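First comes the structure, then the notes that go with it.
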Amino acid sequence: MTVNNTTTLIAPYGGRLIDLMAPAEALADLKAYAGRLPSIQVSERVACDLELLATGAFSPLDRFMGQADHQRVLDEMRLTDGHLFPIPITLPVESGPDIVLGRDIALRNAKNELLAVLTIEEIYAWDRDEVARKVFGTADLRHPLVAEMHRWGPLNLSGRLQVLQLPTHYDFQALRLTPAQTRARLETLRTANPKSQIPNPQLNVVAFQTRNPLHRVHEELTKRAIEAVDGVLLLHPVVGLTKPGDVDHFTRVRTYRALAERYYDPDRIVLSLLPLAMRLAGPREAVWHMLIRRNYGANHLIVGRDHAGPGVDSTGKPFYGPYDAQELAERYSAELGVQIVPFTMLVYLPDEGRYEEISKVAAGVQTANISGTQVRDEYLNNGRQLPAWFTRPEVAEILAESYPPRHKQGVCIWFTGLSGAGKTTTAEVLTELLLEHGRQVTVLDGDVVRTHLSKGLGFSKEDRDINIRRIGYVAAEIVRHGGTVVCAAVSPYRATRGDVRRMVGSEHFVEVFVDTPLAVCESRDYKGMYARARRGEIKGFTGIDDPYEAPEHAEIVLDTVSHTPEENAHVIVDYLSGQGLVRVAERPAPSASQSHLDNSLGPPFDELRRAAHDAVS
């Protein structure tokens, strides 16, 4: 089905909007047929992709990519027909008896909603490392998508799609506009504003991609952009999957709606929500965003500094350069027909009560600016309201309601190390210290979890990964609701721990590597498990005949040979205090008897603390 309308907007990429929705007259029979088919449950990411495929947001793509399209996208950022497409859109699955060429299969989401029927026309293997290298430019597990891909199935499916329904959303329904609906709304701005001075026959639409709350500087930037092109604004926030740790979309959309209703000319703005699952692919993603926004009717896109970047890698360096995305977007701007509006650095001039481009501010003129880090660390994390010159009062109030001070936010302390390393013992001491400092704590110990949450799982790599991801899921939910969770599990595989970090969010995840030598762990093994593994009575035992992949960049590394569990627990508390996650009262000066006890331990206790603190990476 094709959507063709006379329009003053730029045409969709490829000339038409793809529409994969099943015809209304065939829907009842197709649903009945789909209900009898074998089905696969797709991830939230795949469900987002399916929604945008179905409504034409990914035009001219009309299916999950086949092998030829997939390979050319990796190599050249193009489909086999030559159209530009920088991001692979795939349906990864595990092999199984129902994955057969020529077979119809139903696609369901996590809520078991019947979404679509896929006719399997291709089944092909894909290379995780190749995708990581070519699309994201890194194999670093701190990249959220690189970590996530480790739990994707090894096979990709492609074929004809018949979409029965879009995923159900109960929130902000009036703002969840498809490309066709967004285009129709933009057209009304043209006809509802007959006195517009826009000179071109094509309506200029500036799209603003955002996954963060909007402040005054963004408001100023977008207003200047629409004035510069004598156009209108498509405020197009992402409400699918964004960067782990981002402000939730419920909070963000409330701020966007308040701004759109009160501070913009209603004839020059459309607020439309985009259910996109971001890849955080930096430069490639910027080009993808241009293509998508063209399909929604925009012929300009504001591209910011480090656009769609995932932050820093395991060494603390940004994954992408600050202007890499702008440069690649500029390279393909003419081909896509979407002009780039660079995000210009603006500063506030307190003496004049206005914003200005920093390049136009004379030397010596007083300026004011608050960075994103300052917003989080100095204001929101401390319960301080943002100043009116920086953000509108309605936005400041919404953020204050939704963003508690840092010491009231959730945190996951994840102990990892060999069996017998001292994880559980240190976690028990830490739990009491955190309770002393007013934190309510949930403990998820690996052995206890296996008794209840993961009963029946074995010790194969697959079962171990399932167990760790289950712990991670529960931990992420506790953190999301402001709780403190202490997890102690061997968790031997680096990629799986990275996946848990992604679920929880890096800003709320503290990896503690209990770095105890194998020989020491064996000497502490009162259960005799290591001895049995050495004799071959237990197979796949971590550290003996199954690898333990030590963290490369843990927040904290503990030495349990030279330091006691109590000393190590205090190191963790000190770290959490330094991050603002725990409020620690001043400790009283030690008594004479306590000083004698500290001296009797060898080096003074504060020197031990400092020595242990040196292990914090």
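Heavy atoms only: backbone and side chains are in, while hydrogens, waters and symmetry mates are out. Everything numeric in this text was worked out from a predicted model, so none of it was measured.
Checking side-chain atoms of S402 against main-chain N and O of L399 turns up no donor-acceptor pair under 3.5 Å. Without hydrogens or angle criteria, R583 side chain to G438 main chain gives no donor-acceptor distance under 3.5 Å.
Interatomic distance, CG of D306 versus CD of Q326, reported as 10.0 Å (0.5 Å rounding). H508 contributes atom NE2, which lies 11.5 Å from atom OG1 of T484 (distance to the nearest 0.5 angstrom). Distance check, rounded to the nearest 0.5 Å: CZ of R224 to CD of E219 gives 11.5 Å. Annotation: the span from I87 atom CD1 to R284 atom CZ amounts to 6.5 Å, rounded to 0.5 Å. Here the CG atom belonging to L175 is positioned 5.0 Å from the CG atom belonging to L273, to the nearest 0.5 angstrom. For the atom pair OG1 (T542) and CZ (R464), the distance works out to 3.5 Å, reported to the nearest 0.5 Å.
A salt bridge links R480 with E477: at least one charged nitrogen is closer than 4.0 Å to a carboxylate oxygen. Taking the charged nitrogens against the carboxylate oxygens, E549 and R497 have no contact shorter than 4.0 Å, which rules out a salt bridge. At a threshold of 4.0 Å, the pair R501-E555 counts as salt-bridged, since one of the basic side-chain nitrogens sits closer than that to a carboxylate oxygen. Between D499 and R469, at least one side-chain N (NZ, or NE/NH1/NH2) sits under 4.0 Å from a carboxylate O, which counts as a salt bridge. Salt bridge status for D546 with K461: absent, with no side-chain N to carboxylate O gap under 4.0 Å.
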Inset, instruction - Under the side chain to side chain donor-acceptor pair (under 3.5 Å) rule, what do T560 and R524 come out as? Steps first, then yes or no, please. - result: CA-CA 12 Å; T560 66; R524 296 173 177 174; 3.2 Å; yes

Inset, instruction - Show your working on ring pair (Phe, Tyr, Trp, His ring centres under 6.0 Å) between H236 and H289 and close with a plain yes or no. - result: CA-CA 11 Å; H236 213 206; H289 289 173; 9.7 Å; no

Inset, instruction - For side chain to side chain contact (heavy atoms under 4.5 Å, CB included), just list the numbers for K223 and Y264, CA-CA rounded to whole Å, side-chain angles, deciding distance to a tenth of an Å, and then say yes or no. - result: CA-CA 8 Å; K223 288 179 176 177; Y264 285 84; 3.8 Å; yes

Inset, instruction - Apply the test side chain to side chain contact (heavy atoms under 4.5 Å, CB included) to residues R470 and Y473: give CA-CA distance (whole Å), side-chain angles for both, the deciding distance (0.1 Å), then the verdict. - result: CA-CA 5 Å; R470 285 180 181 176; Y473 172 78; 5.7 Å; no

Inset, instruction - Please assess F319 against R142 for the test side chain to side chain contact (heavy atoms under 4.5 Å, CB included), listing each intermediate value before the final yes or no. - result: CA-CA 10 Å; F319 279 98; R142 285 292 176 91; 4.2 Å; yes

Inset, instruction - Show your working on side chain to side chain donor-acceptor pair (under 3.5 Å) between S577 and D574 and close with a plain yes or no. - result: CA-CA 5 Å; S577 175; D574 288 347; over 6 Å; no

Legend entry - Intermediate values then yes/no, side chain to side chain donor-acceptor pair (under 3.5 Å), N568 and T426: CA-CA 7 Å; N568 283 328; T426 308; 4.9 Å; no

Inset, instruction - Start with the C-alpha gap between N212 and T210, add the side-chain angles, then the distance that decides, and say whether side chain to side chain donor-acceptor pair (under 3.5 Å) holds. - result: CA-CA 6 Å; N212 295 305; T210 179; 5.3 Å; no

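Note that R392 lies in the cation-pi zone of Y263, set by a 6.0 Å cut-off to the ring centre and a 45° limit from the axis. Stacking of R384 on the aromatic ring of Y379 is recorded, both the 6.0 Å distance cut-off and the 45° axial limit being met.
By the side chain to side chain donor-acceptor pair (under 3.5 Å) test, T442 pairs with no residue at all, sequence neighbours left out.
Using modelled atom types, one finds a donor on one side chain and an acceptor on the other under 3.5 Å when comparing Y548 with T416.
Between A396 and L386, the closest heavy-atom pair is CB-O, 4.2 Å. Shown here for R293 and L301, the closest heavy-atom pair between the two residues is CG-CD1, 4.0 Å. When all heavy atoms of W389 and N369 are compared, the closest pair comes out as CH2-N, 3.7 Å. The two residues R279 and F136 make their nearest non-hydrogen contact at O-CE2, 3.3 Å. The shortest heavy-atom contact between I340 and P342 is O-CD, 3.5 Å. Minimum heavy-atom separation, I468 to A489: CD1-CB, 3.9 Å.
Put simply, the side chain of P275 reaches to within 4.5 Å of the side chain of L52, judged on heavy atoms. Annotation: side chain of H437 is not in contact with side chain of E432 (no heavy-atom distance under 4.5 Å).
Taking a 6.0 Å sphere around CD of E401, one finds it holds more than 12 heavy atoms contributed by other residues, nucleotides or ligands. Residue E378 qualifies as enclosed at atom CD: its count of foreign heavy atoms under 6.0 Å is above 12.
Ring-plane geometry between H249 and F172 is classed as perpendicular, the angle between the planes exceeding 60 degrees on a 0 to 90 degree scale with a lower cut at 30. Between Y320 and H143, the angle of the ring planes goes over 60°, which puts this pair in the perpendicular group of the 30/60° scheme.
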